[in-house]
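Heads up: numbering here begins at 1 and tracks the sequence.
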Amino acid sequence: MATPKTPADIPMLPYRRGGEIDYASLEFDPNEKNVTLDAMEQNLELAEILGLFRARFTDFNQRPDVFLDNETFICYDPSNLNVRIAPDVYLAFGVDAAAIRPRKIYLPWEVGKPPDWAMEIASESTASADVNRKPAIYAAIGVREFWHFDPTGGRYYGQPIWGGELADGSYREFPQTREPDGILKVYSPLLGISLCWDDGWPRVYDPATQAYDRNWRAVQAYAVAVRDQRDAAREERDTAIAEVERLRELLRRRNGEENEIEGDAAPC
């Protein structure tokens, strides 16, 4: 099922705020991201995915019914808020995003639903839990799609990219394809796009347009192409100006020579 493109296409669930949260009793700081010591192994890829998703699914944070966040906590036991998990990236559609953020933690029973989509990005310290422990938690919470992305190509997760949909209490793997362009793609029915592994880098491919969303590499390549075109145009202009000056100089010399000839030929 493709995700609706506009807020009007999906009804927003009302946020049912409960009582005040005793933040002092929490064993974690909800104001701090759940960042690991080896986060530098995943930071670039994480930022890229967030940028791609922010553009495609939140209209650059303008959609009120889409919640996109990273490394913040989902608390899934109403009786104990210390029971929690922090996906590297997660998405929820048809929710009141503005009401979620002041609570500092994602509470499914208040939001009205669990996140729809979650992804873990590989690092050495988190790989084992990402593969062996977290899928069962996300399935129990009710996250519809769960994904892995391994920038190393599989050193941590065993394969570069993996995605699955919740079915009968576990995740059923989506098929992978390697297109003629050599890029590994896995299609997400929920998002209506293919998530791609391109030599360690995340990309988004839209089957409807048969095009990749522009990422920072594409923007950089475009900027370089524009610069090269500008430099080539400047070089052509300078060459043309030099040629015009050369021709003018030849014309001046020719006119000068003709004047001298005429002067020599004048009767005394």
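Both Leu46 and Leu91 are assigned to one and the same hydrophobic cluster, defined by single-linkage of ILVMFWY side chains at heavy-atom distances under 4.5 Å. Cluster annotation: Leu50 is connected to Leu52 through the hydrophobic network of ILVMFWY side chains, with a link wherever side-chain heavy atoms come within less than 4.5 Å. Put simply, Tyr205 and Ile193 are part of two different groups of oily side chains (I, L, V, M, F, W, Y) that touch within less than 4.5 Å, one to the next. In the hydrophobic cluster analysis, where Ile, Leu, Val, Met, Phe, Trp and Tyr join through side-chain heavy atoms closer than 4.5 angstrom, Ile161 is grouped apart from Val131. At a threshold of 4.5 Å between side-chain heavy atoms, the hydrophobic network of Ile, Leu, Val, Met, Phe, Trp and Tyr places Phe93 and Phe53 in one connected group.
For the atom pair Glu45 CD and Met119 CE, the distance stands at 11.0 Å (nearest 0.5 Å). Lys185 contributes atom NZ, which lies 8.5 Å from atom CG of Asp198 (distance to the nearest 0.5 angstrom). How far CZ of Arg144 is from NZ of Lys113: 6.5 Å, rounded to the nearest 0.5 Å.
The side-chain heavy atoms of Phe174 and Ser194, taken from C-beta on, include no pair separated by under 4.5 Å. Val204 has its side chain out of reach of Leu191: every pair of non-hydrogen atoms, C-beta onward, lies at least 4.5 Å apart. Within the 4.5 Å cutoff, the side chain of Ile49 has heavy atoms near those of the Ile121 side chain. Counting heavy atoms from C-beta on, the side chains of Leu107 and Ile21 come closer than 4.5 Å. Between Pro108 and Ile74 the shortest side-chain heavy-atom distance falls below 4.5 Å. When side chains are defined from C-beta on, Val186 does not count as touching Trp162, because their heavy atoms never get closer than 4.5 Å. Between Val143 and Tyr171, the closest side-chain pair of non-hydrogen atoms falls below 4.5 Å. In this structure the side chain of Phe146 reaches within 4.5 angstrom of the side chain of Glu120, judged on heavy atoms.
Remark: the Thr72 side chain and the Tyr90 side chain contain an N/O donor-acceptor pair separated by less than 3.5 Å. Side-chain atoms of Ser188 and Glu145 include a donor-acceptor pair closer than 3.5 Å. With 3.5 Å as the limit, one finds a donor-acceptor pair spanning the side chains of Asp181 and Tyr212.
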Begin with the C-alpha distance, continue with both residues' side-chain angles, and end with the deciding distance and a verdict on side-chain contact (heavy atoms from CB on, under 4.5 Å) for Leu250 and Arg254.
-> CA-CA 6 Å; Leu250 286 175; Arg254 179 176 296 177; over 6 Å; no
Any chance you could lay out the side-chain contact (heavy atoms from CB on, under 4.5 Å) test for Arg101 and Phe67, step after step, and finish with the verdict?
-> CA-CA 9 Å; Arg101 296 198 183 279; Phe67 184 80; 3.5 Å; yes
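The local environment of CG in Asn80 is crowded, with over 12 non-hydrogen atoms from other residues, nucleotides or ligands closer than 6.0 Å.
A salt bridge links Glu165 with Arg172; the closest basic N to acidic carboxylate O contact falls under 4.0 Å. A salt bridge does not link Arg246 to Glu249: none of the charged nitrogens lies less than 4.0 Å from a carboxylate oxygen. Salt-bridge check for Arg16 with Asp96: failed, with every basic side-chain N at 4.0 Å or more from each acidic carboxylate O.
Trp117 has its ring centre no less than 6.0 Å from the ring centre of Phe57.
When the side-chain contact (heavy atoms from CB on, under 4.5 Å) test is applied to Ile137, the partners found at least two apart in sequence or on another chain are Tyr76, Ile85, Arg133, Ile141.
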